[in-house]
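Input: a single structure, listed below in structure tokens.
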2 protein chains.
Amino acid sequence: MPPALHGPTGRPHRKRLSPDERRHQLLAIGVDRLTTQPLEAISVEDIAAAAGVSPGLVFHYFGTRQGLHLAIVRTARDAMLAATQPDPALPARERLRDVLARFVTFVQQHDATFHSVVRGAASGDPRVRETVQHARDVLTEHTTAVVVDLGAQRTPLVDVAVRAWISLAEQALVDAATDTAIPSAELVAFLERSALAVVAAAAPTTTTPDTPRGPDAV
Amino acid sequence: MPPALHGPTGRPHRKRLSPDERRHQLLAIGVDRLTTQPLEAISVEDIAAAAGVSPGLVFHYFGTRQGLHLAIVRTARDAMLAATQPDPALPARERLRDVLARFVTFVQQHDATFHSVVRGAASGDPRVRETVQHARDVLTEHTTAVVVDLGAQRTPLVDVAVRAWISLAEQALVDAATDTAIPSAELVAFLERSALAVVAAAAPTTTTPDTPRGPDAV
DNA sequence: CCCGTTACTGACGGTGCGTCAACAGGTAGT
DNA sequence: ACTACCTGTTGACGCACCGTCAGTAACGGG
């Protein structure tokens, strides 16, 4: 990326872009910054300086610092969701494995972005949390569709279990996706098995054929 | 809590406390603030005003804003760990259930504190992350001890699985501990079963006696 | 070439972080 | 009690960043 649209520390050259172009440029800089620093550390003035514009312009486009952060995290989130869209043509089990495999690949290639999105879930700004939560909701929906296709019943506890499993998957990906000691295929297989096992643990009365339960429930 | 150590908006009265007392007081205010606002929203000046002292004094005790945050989150974390110390006298399975039951109770009673600690895991400050990670490490150790006692082998993937299960448990607690639609006992039972199931999913070759696996492993 | 639209600037006020020399409350020695 | 020391504590300062707004200049159309 060129440092700016004018000579390096030379004269401003004052280029006038269309709103879409400018917005896109600022967002691209923001997502790039996300690979080296957390969301909260991104300042309006830093983005403005990197784009060669005044801070005021950034406020013109995003309103507030939080507005900027929100737009940045949304961009990163959408990239993640686009990369992990399930293939509706596949049967349930294959679909799950396919999504998990692509997810592992995505995290391996964009681990900094993934980290930032996951960490955004704990942001102080409710709107940022909501944005990340939306990503989780989408993933939860995909996963729930799979387990329902496999014969599980939906209960409140099963919903909790699926959401909780998403967290498990996030943590496992953060831990192991870039860890060479664990092959990707093994990680994918573990995630696949754990998803089914966790749902089975939440729905002990389900009639799935291959999860026999002992009489140890409370 | 008295608003301060002087008359309400009256004259400062300038009480001189011992460093321990003052530090403790500031920390107590900080942990209390944590129940209504996220860590990053806690400002030095707010704490100072609540204690009836100058902002400079807070810097004297904690150095920086981050130092204050770190001390606050450490205090909250220690309270959580203290409440969930396993009872070494119990056998593995009972020990797991006992810890989980007390964990659910703790979250029900201090959900705001728990939220803040969990969210601290995604803080921008590495030291805060490290602090929360330490709590997870302790919980991971307890859990690993249980599953090893139950006959599981330790492999890199099992370690990943246990850490990931901690995230699952955190998420399930955040979701469901204060949800009246799901009885505590059921939640505890789910967490217990899911722990064993996730470890089994990570170590398909283990010889655990009471976790029968169907031929669904990949 | 000029004129209007609007992307963009620059100067300003406010808030919170962090520093430092100086001040004052407590206490020990006489 | 008086004094002198130690140290908990202050208040004023510099700085970075957020957010606002009236004004300016770059592009497109006539």
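Letters A, B, ... are given to chains in the order of the sequence lines, protein chains preceding strands, and every chain is numbered from 1. Please read all numbers here as calculations on a predicted model, not as lab measurements.
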Next item on the list: Select base, sugar-phosphate, or nothing to describe what B:S54 touches, counting heavy atoms under 4.0 Å on all strands.
Entry: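 Base contact.
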
Margin query: Please classify the nucleic acid contact of A:P19 as base, sugar-phosphate, or nothing, using heavy-atom distances under 4.0 Å.
Written below: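 Counting heavy atoms under 4.0 Å across all strands, the contact made by A:P19 is with sugar-phosphate only.
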
In this structure, how many angstroms lie between the [atom2] atom of [N] and the [atom1] atom of [X], rounded?
X: B:E45; N: D:dA12; atom1: CD; atom2: C1'; result: 13 Å
X: B:E21; N: D:dT9; atom1: CD; atom2: P; result: 9 Å
X: B:R23; N: D:dG8; atom1: CZ; atom2: C1'; result: 15 Å
X: B:R16; N: D:dG8; atom1: CZ; atom2: C1'; result: 4 Å
X: A:E40; N: D:dC17; atom1: CD; atom2: P; result: 15 Å
X: B:I47; N: C:dG18; atom1: CD1; atom2: C1'; result: 17 Å
X: A:L17; N: C:dA7; atom1: CG; atom2: C1'; result: 9 Å
X: B:D20; N: D:dT9; atom1: CG; atom2: P; result: 12 Å

Note to self: Pair B:D125, B:R129 - check salt bridge (Lys or Arg N to Asp or Glu O under 4.0 Å), show working.
What the structure shows: CA-CA 6 Å; B:D125 181 5; B:R129 274 208 305 275; over 6 Å; no

Note to self: With a 3.5 Å distance limit and no angle check, can you tell me whether A:T105 reaches the backbone of A:A101 through a side-chain donor-acceptor pair?
What the structure shows: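 Yes, because the side chain of A:T105 sits within donor-acceptor range (under 3.5 Å) of the backbone of A:A101.
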
Item checked: Whether over 12 other heavy atoms sit under 6.0 Å from A:D20 CG ->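 Atom CG in A:D20 is not crowded, with 12 or fewer foreign heavy atoms closer than 6.0 Å.
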
Next item on the list: Quick one: list whatever passes side-chain contact (heavy atoms from CB on, under 4.5 Å) with B:E21, sequence neighbours left out.
Entry: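 B:E21 satisfies side-chain contact (heavy atoms from CB on, under 4.5 Å) with B:L17, B:S18 only.
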
Note to self: Just so I know, are the side chains of A:V199 and A:W165 near enough to count as touching, which here means a heavy-atom distance under 4.5 Å?
What the structure shows: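 Not touching, per the 4.5 Å side-chain cut-off.
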
Item checked: Qualifying ring-ring contact (aromatic ring centres under 6.0 Å, His included) pairs with a residue from residues 97-116 of chain A, counting only residues at least two apart or across chains ->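 Listed once each, the pairs are A:F103-A:F114, A:F106-A:H110.
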
Next item on the list: Please work out which residues in residues 57-69 of chain A have a non-hydrogen atom less than 4.0 Å from an atom of DNA chain C and list them by number.
Entry: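 DNA chain C contact set from residues 57-69 of chain A: A:L57, A:Y61.
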
